[in-house]
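Input: a single structure, listed below in structure tokens.
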Amino acid sequence: RETPSNRNYPLRVLKANIAEELGLDEGDFHLRRSRTAPQFKDETATLKELGLVDQSMVFVAMGAPMSPDQYGLEVYIYRPEEIKSPFKHIISNFPASETQSIGSLKRQIAAHAEVNHPANKLRLRERSRRDAGAIFRDTQSVRSAIRNLADGHMICVQLLNFVERTTRQDMVISLRIWRPLKRKIQRSDVVVKRKSTVGELWELLHNRFDVGVDSPCAGYPEPDPEAVAGDDESK
């Protein structure tokens, strides 16, 4: 449909005209230049400032409009144990304010119907095309945690079975847990206090991954005494 509007009018005037013509509530939709383009967030900007001219097309998209300091994130569930396809897209255009904390964003995502998991058992992290990236700290702002923050930025959510809160006092350790009896190498990450002792780290690994707490070699098969004796005799 065509909707006449003055280029010096703010976007909100055009939006009000569209709402009236289509019988929609202004809070239920937003405008874009095209289906895949970012939405127009600053509704006080004039049509001229937005680069709209005579015969320009705008796309009416359902969903509440975001404020200028909000960005629409693409959210994925990350399951590292599913090696062939660890990522599943669950939420499109999830609004996040650049000034809110990661802890706050966690709570919002945890309440979403596609997640429905305790916020204190969520891990948010970057998502690259092939792998999961850095773990976000709860105390960081969205702007400081997410590099190149923009609409369409991908993040992933890891569902944990234990409580985790990551701050500046913590560090992330990437693990490769070798289980020779199962012929398997398990990839994982743990968050520990920077001042943790080696003993405390070892206890954490024991409790979370069933790794022997007394020795790094715990869990390996005991050597066969006869085989050892045979080796000694052959020397």
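Everything numeric here is computed off the predicted structure, so don't read it as measured data. Side chains included, hydrogens not; waters and symmetry mates left out as well; all remaining heavy atoms used.
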With Lys15 as reference, evaluate Glu20, Glu21, Glu43 under the salt bridge (charged side-chain N to carboxylate O under 4.0 Å, His left out) test and give the passing residue. Glu43
Report the distance from atom CD of Glu114 to atom CD1 of Ile77, rounding to the nearest 0.5 Å. 8.5 Å
With a 4.5 Å limit on heavy-atom distance, are the side chains of Asp189 and Arg123 in contact? yes
Return the orientation label for the His89 and Tyr76 ring planes: parallel under 30°, perpendicular over 60°, tilted otherwise. perpendicular
For Met62, look at atom CE and say whether over 12 heavy atoms of other residues, nucleotides or ligands are found less than 6.0 Å away. yes
Among side-chain atoms of His153 and Glu74, is any donor-acceptor pair under 3.5 angstrom? no
Please step through side chain to side chain contact (heavy atoms under 4.5 Å, CB included) for the pair Ile173 and Leu201, ending with a clear verdict. CA-CA 10 Å; Ile173 299 177; Leu201 173 60; 4.2 Å; yes
Could you tell me the separation between the CG atom of Leu160 and the NE2 atom of His117, rounded to the nearest 0.5 Å? 6.0 Å
Is Leu22 reachable from Phe29 through a run of I, L, V, M, F, W or Y residues, each pair having side-chain heavy atoms under 4.5 Å apart? yes
Heavy-atom side-chain contact between Val60 and His30 under 4.5 Å: no
Verify, without hydrogens or angle tests, whether Gln140 (side chain) and Arg137 (backbone) share a donor-acceptor contact under 3.5 angstrom. yes
Would you indicate whether Phe59, at its atom CZ, is surrounded by more than 12 heavy atoms from other residues, nucleotides or ligands within a distance under 6.0 Å? yes
Could you go through the salt bridge (Lys or Arg N to Asp or Glu O under 4.0 Å) check for Asp170 and Arg165 one step at a time? CA-CA 9 Å; Asp170 299 310; Arg165 185 172 186 271; over 6 Å; no
Using modelled atom types and a 3.5 Å cut-off, is there a donor and acceptor pairing between side-chain atoms of Arg143 and backbone atoms of Glu98? no
Does any part of the side chain of Leu122, heavy atoms only, come nearer than 4.5 Å to the side chain of Glu164, both counted from C-beta? no
So, taking the atom named CG in Leu14 and the one named CG in Asn6, what distance separates them when rounded to the nearest 0.5 Å? 11.0 Å
Out of Val115, Leu73, Ile90, which one pairs with Ile109 under the side chain to side chain contact (heavy atoms under 4.5 Å, CB included) rule? Val115
Given side chains that start at C-beta, do those of Ile135 and Leu124 come closer than 4.5 Å, heavy atoms only? no
Mind checking whether Glu26 and Ile18 have side chains closer than 4.5 Å, heavy atoms only? no
Please check if atom CZ in Arg194 has more than 12 non-hydrogen atoms from other residues, nucleotides or ligands closer than 6.0 Å. yes
For Tyr71, does the six-membered ring have the charged nitrogen or CZ of Lys41 within the cation-pi criterion, i.e. under 6.0 angstrom from the centroid and within 45° of the normal? yes
If you group Ile, Leu, Val, Met, Phe, Trp and Tyr by side-chain heavy-atom gaps below 4.5 Å, do Ile91 and Val157 land in one group? yes
Assess the side chains of Ser144 and Ser141: does a donor N or O sit below 3.5 Å from an acceptor N or O? yes
If I compare all heavy atoms of Gly27 with all of Pro65, which pair ends up nearest, and what's the gap? O-CD, 3.7 Å
So, does Asp151 use its side chain to make a donor-acceptor pair with the main chain of Gly72 at under 3.5 Å? yes
Check step by step if side chain to side chain contact (heavy atoms under 4.5 Å, CB included) holds for Gln39 and Leu31. CA-CA 6 Å; Gln39 68 171 271; Leu31 302 178; over 6 Å; no
Student check: side-chain heavy atoms of Phe162 and Lys121 closer than 4.5 Å: no
To the nearest 0.5 Å, atom CZ of Phe136 lies from atom CG of Leu105 at 8.5 Å
Glu126 CD to Asn148 CG distance, which is reported to the nearest 0.5 Å: 8.0 Å
Answer yes or no: is there a donor N or O on one side and an acceptor on the other, between the side chain of Gln100 and the main chain of Val142, under 3.5 Å? no
Evaluate the side chain to side chain contact (heavy atoms under 4.5 Å, CB included) criterion for residues Tyr78 and Asp131: first the C-alpha distance (whole Å), next the side-chain angles of each, then the deciding distance (0.1 Å), finally the verdict. CA-CA 9 Å; Tyr78 172 55; Asp131 205 353; 3.8 Å; yes
Side chain to side chain contact (heavy atoms under 4.5 Å, CB included) between Asp42 and Leu11, intermediate numbers included: CA-CA 8 Å; Asp42 185 1; Leu11 182 66; over 6 Å; no
If only atom types and distance count, is the side chain of Arg127 paired as donor or acceptor with the main-chain N or O of Ala132 below 3.5 Å? no
Find the distance between CZ (Arg7) and CG (Asp54) and round it off to the nearest 0.5 Å. 9.0 Å
Are Ser92 and Phe94 packed together at the side-chain level, in the sense that at least one heavy-atom pair is separated by less than 4.5 angstrom? no
Is there side-chain contact between Val13 and Leu47, with heavy atoms separated by less than 4.5 Å? no
Minimum heavy-atom distance between Pro95 and Gln108, given as atom pair plus value: O-OE1, 4.0 Å
Ser97 and Asp69: side chain donor to acceptor below 3.5 Å: yes
Under a 3.5 Å distance rule, please check whether Arg35 uses its side chain to pair with a backbone N or O of Ala61 as donor and acceptor. no
Lys106 side chain vs Asn120 backbone, donor-acceptor pair below 3.5 Å: no
Please give me the minimum heavy-atom distance between Pro86 and Lys84, naming the atom from each residue. CD-C, 3.7 Å
